[in-house]
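Contents: one structure, followed by commentary.
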Amino acid sequence: MVDINELKNNIYDVIGAILEVKKGMGPGLNEYCYQEALQLQLENDKIPFLERSPTILFIMEHLLNRNSEWIFCARTIS
């Protein structure tokens, strides 16, 4: 069974890392700049993640021409 409090803490940690990057870098940069900065922040905060996991995107049952790369954060939840 998932511990809801632990899950909430993990979510708050990830959101905190995102807000740190946003505060530090400001608006208007390319998404790849933010992605690299977020990876550095997650490493600094010792939040495990899978780096740039390829994802195939669909909308209205149509495959988009461009694949996306996402950062997935995960901590073991007992």
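Quantities reported herein were computed from a predicted structural model and do not represent experimental measurements.
With rounding to the nearest 0.5 Å, the separation of CG in N44 from CG in L40 is 8.5 Å. Summarising the geometry, atom CD belonging to Q35 is positioned 9.5 Å from atom CG belonging to N30; distances are rounded to the nearest 0.5 Å. Taking CG from L38 and CG from D45, the interatomic distance works out to 9.5 Å, rounded to the nearest 0.5 Å.
Remark: L29 engages M25, C33, Y34 in a side-chain contact (heavy atoms from CB on, under 4.5 Å) (not counting sequence neighbours). Here E20 pairs with K23 under the side-chain hydrogen bond (donor to acceptor under 3.5 Å, both in side chains) rule; sequence neighbours left out. Residues passing the side-chain contact (heavy atoms from CB on, under 4.5 Å) test with L19, sequence neighbours excluded: I15.
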* Carefully, step by step, assess E6 and N10 under the rule side-chain hydrogen bond (donor to acceptor under 3.5 Å, both in side chains). => CA-CA 6 Å; E6 187 176 354; N10 292 343; 4.7 Å; no
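The nearest pair of heavy atoms linking I47 to A17 is CD1-CB, 4.5 Å.
In terms of modelled atom types and a separation under 3.5 Å, the side chain of D3 and the main chain of N5 share a donor-acceptor contact.
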